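Notes follow the structure.
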Amino acid sequence: MHRPLAAAALLALLAGPGFAAPASVRIANESVPTLCAEEDNVDLRLHAPAVRRFRLEAVHPAVIGTIVQDITAPDFTDCTITDKADFRFTPRTVVMHEDARLKVVGITFDKFWRPEQVPVTVGGRTESGFHLFQLYLKDGDAKPYEFLVMYPVDGYWRLKPRPPAHLSDIVYGTSALIGPIEVMQRPVVNLSAIRFDPATMTFDLTFRAGGTATVKVAEIDRSHVALDVVFSQGVTGGPFAGLRSMYVTETNADGARVEWRAAGTNRWQEAPVMDFRGGDGIEMKLTRAVPSRHNTSAPDYRFIGFAD
């Protein structure tokens, strides 16, 4: 039985005969300060016109083994957020696919911040108007486990590994953007079509800015969940991927520290996310080193395996 490549094996393959060494990307920090824990003020964007493939992983934070009580409730202290969901819709929930291994669900909210509708195809069925697309992994009689959601209208992805044995579940935190990033009130990736193949757990994305991508769920276990991304062409004139998260203080954050490794070096560099001045790297992480009172169990994210 074929097994997905582990992260180290993926890097070794990319660096082996017939492949160039891992490519370097420019990491730009567009984050702004906030006092509100419900505002996505962390904004990291990756630039590299030649990059056409990479891996995105969500991994448990270093403190996952110490969590006794997960804190998941919203915190609107010092928030002045107004409801920007100006567009109204007819709510619905549609099971697009279900088998012994996987459940795929599309959801339309009663209101959303953008009016666009993106056709989503699963197997031979196409629906339009979903604001949320969910993947659940099924294990026999166990309750299906939601490990991935994506938002078709603005191109946001959120991932979470299986929970460790001492927790029944974990929560989402940081979001990822995959594809040409444009700023329309906030950073977005505009999609014109999404196709998902349940058999291979692969998304085929068509970008409004041009080009396509495949996003394959390569691995999911109790340590991480990994997506392998391949673009049909490099993204020029702007970022090809990014992370959005929240930071108020180190103990009130979904993402608090940036770690990156430059080409040709034997060390990691790291900086508090609000002090990070940008850099170049062949790997990059957004992590937390201490427990947070906001989304305590939410995973860290990392990008690896950049290649052209």
Side-chain angles (χ1 to χ4, degrees), residues 1-11 13-14 52-59 92-108 117-153 155-163 169-170 172 175-179 189 191-207 211-233 241 299 301 303-305 307:
M1 174 177 162
H2 174 73
R3 298 180 63 85
L5 289 171
L10 175 69
L11 287 172
L13 176 62
L14 290 174
R52 290 184 51 190
R53 64 177 66 224
F54 61 91
R55 172 170 282 197
L56 170 65
E57 293 186 343
V59 300
R92 62 180 183 141
T93 299
V94 180
V95 177
M96 295 289 286
H97 172 86
E98 186 167 12
D99 59 29
R101 179 185 64 151
L102 192 67
K103 182 178 181 180
V104 181
V105 178
I107 295 177
T108 302
Q117 298 191 30
V118 179
V120 176
T121 301
V122 180
R125 180 175 182 175
T126 300
E127 298 281 348
S128 191
F130 292 143
H131 298 128
L132 184 66
F133 192 72
Q134 302 168 298
L135 296 189
Y136 292 83
L137 197 63
K138 299 170 70 175
D139 288 325
D141 295 331
K143 180 181 178 181
Y145 179 69
E146 183 188 83
F147 67 94
L148 181 153
V149 296
M150 71 92 57
Y151 296 78
V153 180
Y156 279 60
W157 301 70
R158 305 178 88 184
L159 313 170
K160 59 179 185 175
R162 289 179 175 276
D169 199 359
I170 62 171
Y172 294 113
S175 300
L177 289 160
I178 298 171
V189 172
L191 296 158
S192 58
I194 300 168
R195 181 179 294 273
F196 179 72
D197 177 14
T200 61
M201 287 206 285
T202 300
F203 293 85
D204 291 308
L205 310 178
T206 303
F207 303 117
T212 62
T214 61
V215 179
K216 178 179 175 57
V217 179
E219 298 177 3
I220 174 171
D221 55 32
R222 289 194 181 272
S223 65
H224 72 306
V225 54
L227 303 182
D228 285 342
V229 180
V230 179
F231 292 135
S232 63
Q233 61 190 47
Y301 278 61
F303 289 95
I304 62 173

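These numbers were taken from a predicted model, which means no experiment stands behind them.
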- Between E57 and I304 the two heavy atoms that sit nearest each other are OE2-CD1, 4.2 Å
- Would a 4.5 Å heavy-atom cut-off, applied to side chains only, mark V215 and W157 as touching? yes
- Item | Polar side-chain atom of Y145 near backbone of P161 as donor-acceptor pair, under 3.5 Å | yes
- Task: Give the intermediate values and the outcome of side chain to side chain contact (heavy atoms under 4.5 Å, CB included) for residues V105 and T93.
- Result: CA-CA 7 Å; V105 178; T93 299; 3.6 Å; yes
- Message: Looking at A307, is its backbone amide N or carbonyl O close enough to the side chain of R52 to form a donor-acceptor pair, meaning the two atoms are under 3.5 Å apart?
- Response: no
- Taking only residues at least two apart or on different chains, which pairs with a member in residues 123-135 satisfy salt bridge (charged side-chain N to carboxylate O under 4.0 Å, His left out)? R92-E127, R125-E127
- Task: Check R158 against Y172 and note the closest heavy-atom contact, atom names and distance.
- Result: O-CE2, 3.5 Å
- Working to the nearest 0.5 Å, report the span between CD1 of I220 and CG of L148. 8.5 Å
- Query: When you measure from the side chain of Y301 to the backbone N and O of L159, does any donor-acceptor pair fall under 3.5 Å?
  - Reply: yes
- R162 side-chain N/O to D221 backbone N/O, donor-acceptor pair under 3.5 Å: no
- Note on the structure: In terms of heavy-atom contacts, R55 and A218 come closest through NH2-CB, 3.6 Å
- Quick one: closest heavy-atom pair of R101 and D99, and the distance? N-OD1, 2.8 Å
- Item | L102 side chain near Y136 side chain, heavy-atom distance below 4.5 Å | no
- Item | Spatial distance of atom CE (M150) from atom CG (L227) [nearest 0.5 Å] | 10.5 Å
- So F196 and F203, would you call those rings parallel, tilted or perpendicular, with 30° and 60° as cut-offs? tilted
- Message: Assess whether a salt bridge exists between D169 and K143, defined as any Lys/Arg side-chain N lying under 4.0 Å from an Asp/Glu carboxylate O.
- Response: no
- Do F130 and I194 come within less than 4.5 Å of each other through their side chains, counting heavy atoms only? no
- Item | Donor-acceptor contact below 3.5 Å, side chain R53 vs main chain V229 | no
- Message: Looking at every heavy atom in both T200 and K216, which two are closest together, and how far apart are they?
- Response: O-NZ, 2.7 Å
- Query: Roughly how far, to the nearest 0.5 Å, is CG of D228 from OG1 of T214?
  - Reply: 8.5 Å
- Message: To the nearest 0.5 Å, what is the distance between CD1 on I178 and CZ on F231?
- Response: 7.0 Å
- Task: State which residues pass side-chain hydrogen bond (donor to acceptor under 3.5 Å, both in side chains) with Q233; sequence neighbours excluded, sorted by chain then number.
- Result: none
- Query: Can you tell me how far NZ of K103 sits from CG of L135, rounded to the nearest 0.5 angstrom?
  - Reply: 12.0 Å
- Task: Identify the two heavy atoms, one from I170 and one from K160, that lie closest to each other, and give their separation to 0.1 Å.
- Result: O-NZ, 3.0 Å
